[in-house]
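Down below is the structure, laid out as C-alpha cells.
Both counts, for ligands and for their atoms, begin at 1 and track the order of listing. Side chains are part of it too, since the values below use all heavy atoms of this structure and drop only hydrogens, waters and symmetry mates.
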Amino acid sequence: MTIQCTHVIFDVDGLLLDTERLYSESTQKVCDEFGKTYTWDLKSAVMGKGEKNVSKIITEVLGLPMTPEEYIRRTREIQKTLFPTAKLLPGAEKLVRHLHEHKIPIAVASGSDNWCFELKTTNHQEFFKLFHHTVLCSDDPEVEHSKPAPDGFIVAAKRFGDAPDPAKILVFEDAPNGVIAANAAGMHCIWVPAPEVTQADDVKSKAILILDSLELFKPEDFGLPSYSQ
Ligand SMILES: O=c1[nH]cc([C@@H]2O[C@H](COP(=O)(O)O)[C@@H](O)[C@H]2O)c(=O)[nH]1
C-alpha cells in the first residue's frame with residue numbers, strides 16, 4: 001500500500017545544504033587548540049539540537065576550557081566566512097522545485113537560528129523562497145524544545161494553515177535527533193544520514209525509509225507526483 005502524503009517538511013543542515021561539513025570544520029578548529037577531537041559519535045548525538053544546547057554538551061563532554069558562550073563566539077567567528085560557501089546537496093533542488101511546481105505544500109524546520117540561517121542561505125535566496133514557511137527552532141518563540149522533541153515539526157505543520165493530518169506529512173531528515181522528533185510528531189520520516197553518522201540502531205526503526213541521497217527518492221511511493229508527471 002502506498003503511503004499518501006500531502007505535505008512535506010525538510011530539515012536543512014546536512015539534508016538540503018552541505019553545512020554539516022562546515023559545522024565539523026569550525027568545531028574541529030576550536031578543538032585543535034586544545035588537542036581534542038570532534039568525533040562522529042559526539043556529532044551524531046548533538047546534530048539538530050541547536051547552538052545553545054550543543055555548546056553546553058560539546059564544552060562539557062570534550063572538557064574544553066571555556067564557557068558555552070565563549071565556544072559559540074569562537075565557532076561563529078569561523079562560521080561567518082564558512083557558511084556563505086554552503087552548497088545544495090545532490091537531489092535537493094530537483095525535489096524541492098518539483099514539489100513546488102506541483103503545488104505540494106512544503107516547509108522547512110531547522111534547528112538553526114536566524115544568524116546562522118542568513119549566512120548559510122546567502123547564495124540560495126531564490127531556492128528558500130519556494131517554501132511556504134521556514135521554522136528556525138532556536139529562535140522561534142513558539143518552539144519550546146529543540147529536536148529530538150517534536151515541537152519544531154508541530155509548529156511547522158500548524159503554519160501550513162490547512163491543519164494537515166500529521167500522518168500525511170512526510171519529513172526529510174539527516175540527523176538522528178530529527179528522525180526521533182518527526183516520529184514523535186506522528187509524521188513519516190525519511191532518513192538520509194551521512195555515511196559517518198553513528199547511534200543509528202534505535203533511530204532506524206523510527207524512519208519509514210533510509211536513503212543514501214535525496215536523488216534516490218521516488219515521490220510516487222509516498223502518493224506525491226512522480227518526476228515524469
Ligand atoms: O556539528 C554540528 N552539527 C549541528 C549542529 C546544530 O544542529 C543544527 C542543525 O539542525 P538541523 O539539522 O535541524 O537543521 C545546527 O543549526 C546547529 O545548531 C551543531 O551545533 N554542530
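Listed for the Asp18 side chain is a donor-acceptor partner under 3.5 Å among the backbone atoms of Lys87. Using modelled atom types, one side-chain atom of Gln229 and one backbone atom of Ser226 make a donor-acceptor pair closer than 3.5 Å.
Using modelled atom types and a 3.5 Å distance limit, the side chains of Tyr23 and Thr75 yield no donor-acceptor pair.
Residues in residues 153-164 take part in these side chain to side chain donor-acceptor pair (under 3.5 Å) pairs, two or more places apart or across chains: His7-Asp162, Asp140-Arg159, Glu142-Lys158, Glu142-Arg159. Listed by first and then second residue, the salt bridge (Lys or Arg N to Asp or Glu O under 4.0 Å) pairs that reach into residues 164-179 are Lys147-Glu173, sequence neighbours excluded.
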Measure from every N or O atom of ligand 1 to the protein's N or O atoms and keep only the pairs below 3.5 Å, writing each with atom names and distance to 0.1 Å.
unit_1: ligand 1; atom_1: 1 (O); unit_2: Tyr38; atom_2: OH; d: 2.7
unit_1: ligand 1; atom_1: 1 (O); unit_2: Lys43; atom_2: NZ; d: 2.8
unit_1: ligand 1; atom_1: 3 (N); unit_2: Glu20; atom_2: OE1; d: 2.8
unit_1: ligand 1; atom_1: 7 (O); unit_2: Gly48; atom_2: N; d: 2.9
unit_1: ligand 1; atom_1: 10 (O); unit_2: Gly111; atom_2: N; d: 3.4
unit_1: ligand 1; atom_1: 12 (O); unit_2: Asp11; atom_2: OD1; d: 2.8
unit_1: ligand 1; atom_1: 12 (O); unit_2: Asp11; atom_2: OD2; d: 3.2
unit_1: ligand 1; atom_1: 13 (O); unit_2: Asp11; atom_2: OD1; d: 2.8
unit_1: ligand 1; atom_1: 13 (O); unit_2: Gly111; atom_2: N; d: 2.8
unit_1: ligand 1; atom_1: 13 (O); unit_2: Lys147; atom_2: NZ; d: 2.6
unit_1: ligand 1; atom_1: 14 (O); unit_2: Asp11; atom_2: OD1; d: 2.7
unit_1: ligand 1; atom_1: 14 (O); unit_2: Asp13; atom_2: N; d: 3.3
unit_1: ligand 1; atom_1: 14 (O); unit_2: Asp13; atom_2: OD2; d: 3.0
unit_1: ligand 1; atom_1: 14 (O); unit_2: Ser110; atom_2: OG; d: 2.9
unit_1: ligand 1; atom_1: 16 (O); unit_2: Asp13; atom_2: OD2; d: 3.4
unit_1: ligand 1; atom_1: 16 (O); unit_2: Tyr23; atom_2: OH; d: 3.0
unit_1: ligand 1; atom_1: 18 (O); unit_2: Glu51; atom_2: N; d: 3.1

All N/O donor-acceptor pairs, side-chain side in residues 129-137, below 3.5 Å, sequence neighbours left out:
unit_1: Lys129; atom_1: NZ; unit_2: Glu126; atom_2: OE2; d: 3.3
unit_1: His133; atom_1: NE2; unit_2: Ala156; atom_2: O; d: 2.7

